[in-house]
Amino acid sequence: MADNKIIDGKLIAETIKKEIAAEVANMIDTGVGAPHLAAILVGDDGASLTYVSSKEKACHSVGMLSSVYRLSAKSSEEDILKTIDFLNNDPEIDGFIVQLPLPAHINETKIIQAINHNKDVDGFTLCNIGLMQLGEPCYLPATPFGIHELLKRSNVEIAGKHIVVMGRSNIVGTPVSVMLSRKGIDATVTICHSKTENIKEITRQADILIVAIGQPEFVKADMVKEGAVVIDVGIHRIKDDSEKGYHIVGDVDFKEVYKVASKITPVPGGVGPMTIVSLLHNTLLAAKNNRK
Ligand code: GUN
């Protein structure tokens with residue numbers, strides 16, 4: 001039987017994928033054509049290869065086109081900038097990403113900021129960050145978008161509620177705080193971080209607690225108000241004696257916190273499956289915007 005307490009990210013992601021697939025099919029049927037996402041992958045980092053391959057598979061599963069531009073780990077900034085310039089100007093490509101991390105000799109900021117903001121489906125360019133802050137239409141970064149969708153689609157009331165965000169990273173904590181406090185979403189947001197004093201007193205005030213601190217099972221039951229909604233962004237491999245040799249945990253001690261929360265995301269199967277869906281959503285949006 002379905003457990004109403006658990007926010008099933010896998011199921012919600014599948015539902016959104018079906019919605020996107022229907023829109024893509026309509027674009028193909030009406031002669032607009034399928035949205036096309038490209039990825040620039042520099043070097044052979046194992047995790048990056050896996051991520052890019054998952055993104056390609058996800059594109060194909062909803063009928064989108066995908067291309068990968070692979071560059072050697074020894075590429076210069078100039079080589080990467082040339083590929084970006086090519087994709088910025090290729091009318092066949094609706095949106096693209098530069099998979100991070102980049103090799104140490106490359107200035108990541110310089111590379112990301114070279115992406116045309118109209119094709120920046122990761123939402124990483126200064127222009128998209130600024131538009132989000134202004135509450136204007138933009139490409140939202142994947143994890144904040146995914147968290148908002150999980151809350152909306154689980155009928156969690158957000159307007160007027162106190163959201164406490166643990167973590168202030170550039171790709172999760174900071175943007176999700178800005179996004180959820182904008183007009184129209186209307187949460188009251190507090191950000192906690194490694195220097196926050198009496199953190200438990202603050203997290204216990206949260207109606208919705210979003211945890212993105214990168215510490216395995218850091219959040220215990222006594223840090224959470226009875227009935228709070230808990231969103232766990234963390235993902236950690238913990239070595240064990242099982243056949244696989246490891247198991248996955250989040251930033252939240254799920255077993256303990258499950259008892260006090262009214263709703264909670266599992267790890268795996270919570271926020272994770274939503275991030276690639278966000279990229280598909282942004283690619284669809286880019287195709288609609290750029291083919292007008
Ligand atoms: N590396 C890990 N996550 C991401 C992401 O969301 N986008 C890009 N471009 N690289 C990443």
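Numbering starts at 1 and runs along the sequence shown. Counting convention: from 1, in listed order, for ligands and their atoms alike.
- Here the CD1-OH distance, from Ile248 to Tyr246, works out to 5.5 Å after rounding to the nearest 0.5 Å.
- Among Ile97, Ile40, Leu100, Asp122, the residue whose heavy atom lies closest to atom 9 (N) of ligand 1 is Asp122.
- No side-chain donor-acceptor contact under 3.5 Å links His36 to the backbone of Thr283.
- Here the protein heavy atom with the shortest distance to atom 4 (C) of ligand 1 is Gln99 NE2, 4.2 Å.
- Taking each heavy atom of Asp94 and Ala34 in turn, the nearest pair found is OD2-O, 4.2 Å.
- Atoms of ligand 1 found under 4.0 Å from any heavy atom of Val98, numbered from 1 in the order shown, are 8 (C), 9 (N).
- Across every non-hydrogen atom of Lys225 and Ala206, the tightest pair is CE-O, 3.5 Å.
- Within the 4.0 Å heavy-atom criterion, neither part of Leu279 lies near ligand 1.
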